[in-house]
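See below for the structure under consideration.
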Amino acid sequence: MVTEKWDAGEMGCGELLVELANRMKELLPGQILELRALDSGAVEDIPAWCVLTTHSLVSARHPIYLIQRREK
């Protein structure tokens with residue numbers, strides 16, 4: 001179940017990932033953020049960011065990404 005939604009529009013991936021990190025900090029462990037990101041780089045950058053940060057990528061169907069905040 002989606003907890004928060006964020007439409008990042010065409011925000012570039014550098015700025016997008018910084019803002020995404022800040023938004024994930026606001027969620028409780030296990031909560032899910034629905035992200036809408038139109039930037040073409042998001043297809044590769046969002047999954048890679050999830051691996052690096054250990055947040056779970058629940059779904060990736062560009063431009064919609066569901067990201068679950070890690071437990072710890």
Side-chain angles (χ1 to χ4, degrees):
M1 181 162 93
V2 173
T3 305
E4 296 286 332
K5 291 185 179 186
W6 175 41
D7 185 350
E10 296 191 22
M11 186 180 290
C13 277
E15 184 181 0
L16 171 75
L17 296 178
V18 170
E19 181 62 25
L20 177 57
N22 290 332
R23 288 176 181 265
M24 292 304 289
K25 288 176 187 175
E26 295 175 5
L27 297 178
L28 297 174
Q31 290 185 324
I32 295 176
L33 173 71
E34 178 183 294
L35 166 64
R36 180 176 176 268
L38 299 176
D39 186 84
S40 61
V43 173
E44 293 180 6
D45 291 343
I46 299 298
W49 181 86
C50 288
V51 169
L52 289 172
T53 61
T54 67
H55 293 298
S56 297
L57 184 59
V58 177
S59 176
R61 293 185 179 170
H62 188 73
I64 303 297
Y65 300 85
L66 299 181
I67 305 167
Q68 185 175 34
R69 190 180 190 285
R70 65 179 171 251
E71 291 299 320
K72 295 182 182 181

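With a 4.5 Å cut-off between side-chain heavy atoms of Ile, Leu, Val, Met, Phe, Trp and Tyr, the cluster of Leu57 takes in Trp6, Met11, Leu16, Leu17, Leu20, Met24, Leu27, Leu33, Leu35, Val43, Ile46, Trp49, Tyr65, Ile67. Grouped by direct or indirect side-chain proximity (heavy atoms under 4.5 Å, Ile/Leu/Val/Met/Phe/Trp/Tyr only), Ile64 sits alone. Cluster partners of Leu52, using a side-chain heavy-atom cutoff of under 4.5 Å among ILVMFWY residues and allowing indirect links: none. Cluster partners of Val2 are Ile32, Val58, Leu66, counting Ile, Leu, Val, Met, Phe, Trp and Tyr whose side-chain heavy atoms approach within less than 4.5 Å, directly or via other members.
Residue pairs meeting the side-chain hydrogen bond (donor to acceptor under 3.5 Å, both in side chains) criterion with at least one partner in residues 28-48, sequence neighbours excluded, are Asp7-Arg36. Screening residues 15-28 for side-chain hydrogen bond (donor to acceptor under 3.5 Å, both in side chains), with sequence neighbours left out, gives Glu19-Arg23.
Rounding to the nearest 0.5 Å places CD of Gln68 at 12.5 Å from OG of Ser59.
Heavy-atom minimum distance, Cys13 versus Ala42: SG-N, 3.5 Å.
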